[in-house]
Amino acid sequence: MKRALITGISGQDGSYLAEYLLQLDYQVFGIVRREPGTMRWLEGIRDRVELLYGDLRDTQSLEVAFYKAWPDELYNLAGQVFVPTSWECPAETLDINTGGLARLLLIVERRKSDTRVYQASSSEMYGNVDGFCRENTRFQPTSPYGISKVAAHKLAESYRARGIYAVGGILFNHESPRRGPEMVTRKITRAAAGWAAGDKTKLKLGNLEARRDWGFAGDYVKAMHAMLQQPTCKDYVVGTGESHSVAEFATLVLAELRERFHGRFTNAKLEDFVELDPRLLRTGEIHDLRADPTLARTELNWKPKVDFPALVRLMVEADLAANGILTPSSLSLGAS
Ligand code: NAP
């Protein structure tokens, strides 16, 4: 039985990945910082994963967790993930996102150098690029978050040159009902649950025209696993190849409400629910991000199953259910 250690197991990707690896018969270990309140997404598998305490900023805790798990595969998914926070706490962002991987790689190299390492790299590493982003597209990050991810990505590359199997999965935005509530997609679907319940508060957003390549997290964790099964290790771009604006996302959310609540939202327009707040505009805003996932398609045989409208639908459904407006029967598109 293969052993996997996941940092960030309590997060969106960590929880979907843990479910997927259990399906593949892995013994799964996960690093968590604390118990209560953060385990919501692990409820269904809590008795089948072994949780170990640790923090990416604390070498000793990582070392102890690594010894206990003694992993064949290490997935480094933990991180300070929110771009605006990275402007508030740049040093902490670098310490967690870059320093964390540096601590893990040192442990791997010294203790068990055949452990295969997956690093959660990000499309935010590219910054503003015209057209599609590929594995060899130049990185021009525009935030401390992007910089921390580029540095970690390069660190993985340099350990690869030293013989460690380390890959950077350059994942474009991927969402789900488990997405952090501070992220724009989740902000919109949570607000929609409020509108359905009769709340008339308008959602303030900074930029409706920003475009992202949005996929479903449950699909993306399969690419992470596939990357660690290749005969030679290399980086891969993972995305859908399509980009959509925040306005398009919000418009589809409204269409979902229209469909579910006949009559109530028939004449509703986006501006009835959303208002622009220039104070929410980001420094270094990235306008459009679009993946070219050709390498992942051809070499990993990876293709997303959930398209953009289906992703919106499942997120709206889940937030309606979480607010007691829908029964959760038709909800969970897990990682199956
Ligand atoms: P998430 O849901 O916010 O999960 C982040 C996880 O990191 C949480 O489990 C969190 O634990 C943990 N964590 C944060 N700081 C930590 C620390 N100092 N030590 C140990 N654990 C810590 O994020 P996600 O969406 O699953 O993203 C997973 C990874 O993929 C991240 O590295 C992210 O930067 C990267 N990524 C995500 C996307 C995306 O669109 N989702 C795209 C590209 C790359 P707590 O519960 O204790 O806070």
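We count residues from 1, following the sequence as given. For ligands, and for the atoms within them, numbers begin at 1 and follow the listed sequence. For clarity, every value in this text was computed on a predicted model and none was experimentally measured.
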Side chain or backbone, does [X] bring an N or O within less than 3.5 Å of an N or O on ligand 1?
| X | answer |
| --- | --- |
| Leu56 | yes |
| Ser122 | no |
| Tyr145 | yes |
| Asn76 | no |
| Ile9 | no |

Mind running side-chain contact (heavy atoms from CB on, under 4.5 Å) on Tyr67 and Ile107 for me, showing each step along the way?
CA-CA 10 Å; Tyr67 264 107; Ile107 296 170; over 6 Å; no

For residues Tyr16 and Trp41, establish whether the separation of their ring centroids is below 6.0 Å.
no

When the ring centroid of Tyr26 is compared with that of His225, is the distance short of 6.0 Å?
yes

Just wondering, more than 12 heavy atoms not from [X] lying within 6.0 Å of its [atom1]?
| X | atom1 | answer |
| --- | --- | --- |
| Lys202 | NZ | yes |
| Asn301 | CG | no |
| Lys303 | NZ | no |

Where the closest heavy atom to atom 23 (O) of ligand 1 is concerned, which of Val238, Leu17, Val81 has it?
Val81

Test: Lys234 and Glu299 ion pair at under 4.0 Å
yes

Which atoms of ligand 1 sit under 4.0 Å from any heavy atom of [X]?
| X | result |
| --- | --- |
| Ser121 | 43 (C), 44 (C) |
| Ala120 | 29 (C), 30 (O), 32 (O), 35 (C) |
| Ser10 | 8 (C), 9 (O), 11 (O), 45 (P), 46 (O) |
| Leu77 | 28 (C), 29 (C), 31 (C), 32 (O) |
| Asn173 | 40 (O) |
| Arg57 | 18 (N) |
| Gly8 | 6 (C), 7 (O), 9 (O) |

Structural part of [X] in contact with ligand 1, heavy atom criterion under 4.0 angstrom:
| X | value |
| --- | --- |
| Ser123 | neither |
| Arg179 | side chain |
| Glu124 | neither |
| Arg178 | neither |
| Ile96 | side chain |

Taking all heavy atoms of Leu105 and all of Ala166, pick out the closest pair and write down the distance.
CD2-CB, 4.5 Å

May I ask whether Asp55 places a heavy atom under 4.0 Å from ligand 1?
yes

For ligand 1, is there an atom lying under 4.0 Å from some heavy atom of Lys149?
yes

Within 45° cone and under 6.0 Å: Arg258 NZ/CZ vs Phe265 ring:
no

We want to know whether Thr185 and Arg179 form a side-chain donor-acceptor pair, criterion being a heavy-atom distance below 3.5 angstrom.
no

If only atom types and distance count, is the side chain of Thr7 paired as donor or acceptor with the main-chain N or O of Ala78 below 3.5 Å?
yes

Any donor-acceptor pair under 3.5 Å from Asn128 side chain to His287 backbone
yes

